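Below is one structure; the comments refer to it alone.
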Amino acid sequence: MGHGGDVIQELTTDHREVTELFGRIEGAVPGSEERKRLADELTIELVRHSVAEEQHLYPAVRKHVPGGDALADKEIADHGRVESLLKELEKTGAEHLDFSHLIVKLRTEVTAHLRDEENHLFPQLRDACPQEELDALGEKIRSAKKTAPTRPHPKSPSTPPANKLLAPGAGLVDRARDFVTGRGK
């Protein structure tokens with residue numbers, strides 16, 4: 001899928017990729033190494049996406065959207081639940097019965113979050129924020145995903161400025177671990 005465009009186009013493309021990954025996981029043979037590999041790929045995408053949203057999207061929502069603080073807080077809470085599930089999934093082998101249950105819980109949580117963003121948050125942001133800023137936010141999101149962590153860190157800060165300071169370092173460590181282990185290949 002093609003990335004680019006403003007923040008809403010960029011994040012919606014991410015949403016479609018995540019939905020497609022869930023389908024591939026569910027289509028893989030239960031207990032297989034392929035299923036675990038796809039779950040790792042999903043984790044990488046979800047963590048990078050969440051970190052980028054927390055660094056750039058939610059501050060813009062707080063700034064531009066009426067009632068934006070409450071909206072951003074709700075979305076960040078959603079991320080916390082997803083990140084906890086990802087941490088559990090990371091420790092669970094694909095052959096374990098809990099693996100399938102975690103995938104179902106994760107899909108349910110993520111799907112509700114994506115729907116909420118696309119049906120409520122994105123339209124409100126589009127109405128409240130100048131197009132030039134939406135375009136600039138798209139670039140910031142793409143840039144943030146390049147240095148974001150690739151593993152769940154549920155205890156990491158999720159709001160600026162701490163998340164912007166710590167995420168690149170965690171991302172560097174995660175990518176080094178991924179390189180050594182072959183994760184995400």
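Computed from a predicted model, the values in this text were never measured in an experiment. All residue numbers in this chain count up from 1 along the given sequence.
With rounding to the nearest 0.5 Å, the separation of OG1 in T12 from CD in E17 is 11.5 Å. Between atom OG1 of residue T150 and atom CG of residue L46 there is a gap of 12.0 Å, rounded to the nearest 0.5 Å. Taking NE2 of H15 as the reference point, atom OG1 of T111 lies at 10.5 Å (rounded to 0.5 Å). Atom OG1 of residue T13 and atom CD1 of residue I141 lie 12.5 Å apart, to the nearest 0.5 angstrom. Of the inter-residue distances, the one linking L89 atom CG with I103 atom CD1 reads 4.5 Å to the nearest 0.5 angstrom. For the atom pair H101 NE2 and H96 NE2, the distance stands at 9.5 Å (nearest 0.5 Å).
Residue F99 comes nearest to A39 through the heavy atom pair CZ-CB, 3.6 Å, listed as atom of the first residue, atom of the second, then distance. Scanning all heavy atoms of the two residues, the minimum distance from A60 to L137 falls at CB-CD1, 3.6 Å. Summarising the geometry of F122 relative to I8, their closest heavy-atom pair is O-CD1, 3.5 Å, with the distance given to 0.1 Å.
Using a 4.0 Å cut-off between charged nitrogen and carboxylate oxygen, E118 and R16 count as a salt-bridge pair. Salt-bridge formation is not detected for the pair K36/E33: no Lys NZ or Arg NE/NH1/NH2 atom is positioned less than 4.0 Å from an Asp or Glu carboxylate oxygen. Using a 4.0 Å cut-off between a side-chain N of Lys or Arg and a carboxylate O of Asp or Glu, R24 and E20 qualify as a salt bridge. Ion pairing between a basic and an acidic side chain is recognised when a charged N comes within 4.0 Å of a carboxylate O; D14 and R48 show no such pairing. Note on R81 versus D78: salt bridge recorded, some NZ/NE/NH1/NH2 to OD/OE distance being below 4.0 Å.
Here the side chains of R35 and P30 are in contact, with some heavy-atom distance below 4.5 Å. Residues P149 and V51 meet the side-chain proximity criterion, which asks for heavy atoms closer than 4.5 Å. Counting only heavy atoms from C-beta outward, the side chains of K145 and E45 never approach each other to under 4.5 Å. Side-chain atoms of V61 and D69, non-hydrogen and from C-beta on, never get closer than 4.5 Å to each other.
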Steps toward side chain to side chain contact (heavy atoms under 4.5 Å, CB included) verdict (L85, L102): CA-CA 7 Å; L85 288 168; L102 285 167; 4.0 Å; yes
Verdict with supporting geometry, E53 and H49, side-chain hydrogen bond (donor to acceptor under 3.5 Å, both in side chains): CA-CA 6 Å; E53 284 186 336; H49 177 89; 2.9 Å; yes
Trace of the side chain to side chain contact (heavy atoms under 4.5 Å, CB included) decision for Q131 with R126: CA-CA 8 Å; Q131 184 61 48; R126 178 148 328 270; 3.2 Å; yes
CA sep, side-chain torsions, deciding dist, call: D116, L121, side chain to side chain contact (heavy atoms under 4.5 Å, CB included): CA-CA 7 Å; D116 187 52; L121 188 137; 5.8 Å; no
Verdict with reasoning, V7 to H56, per side chain to side chain contact (heavy atoms under 4.5 Å, CB included): CA-CA 9 Å; V7 64; H56 300 290; over 6 Å; no
From CA spacing to verdict: side-chain hydrogen bond (donor to acceptor under 3.5 Å, both in side chains), H113, E117: CA-CA 6 Å; H113 177 75; E117 280 190 341; 3.2 Å; yes
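At distances below 3.5 Å, not a single donor-acceptor pair connects side-chain atoms of E139 with backbone N or O atoms of A136. At least one donor-acceptor pair under 3.5 Å links the side chain of S32 to the backbone N or O of V29. A donor-acceptor distance shorter than 3.5 angstrom exists from the side chain of Q124 to the backbone of H120, with no hydrogens or angles considered. Using modelled atom types, no side-chain atom of R107 and backbone atom of E26 make a donor-acceptor pair closer than 3.5 Å. The main-chain N or O of G68 is never found under 3.5 Å from a side-chain atom of R62 such that the two would form a donor-acceptor pair.
Within 6.0 Å of CZ in R115 there are 12 or fewer heavy atoms belonging to other residues, nucleotides or ligands. Residue-environment remark: NZ (K105) stays at or below the threshold of 12 foreign heavy atoms within 6.0 Å.
Shown are V104, L38, V110; of these, the side-chain contact (heavy atoms from CB on, under 4.5 Å) with F22 is made only by V110.
Ring geometry, H79 versus Y58: the interplanar angle falls from 30° to 60°, so the pair is classed tilted.
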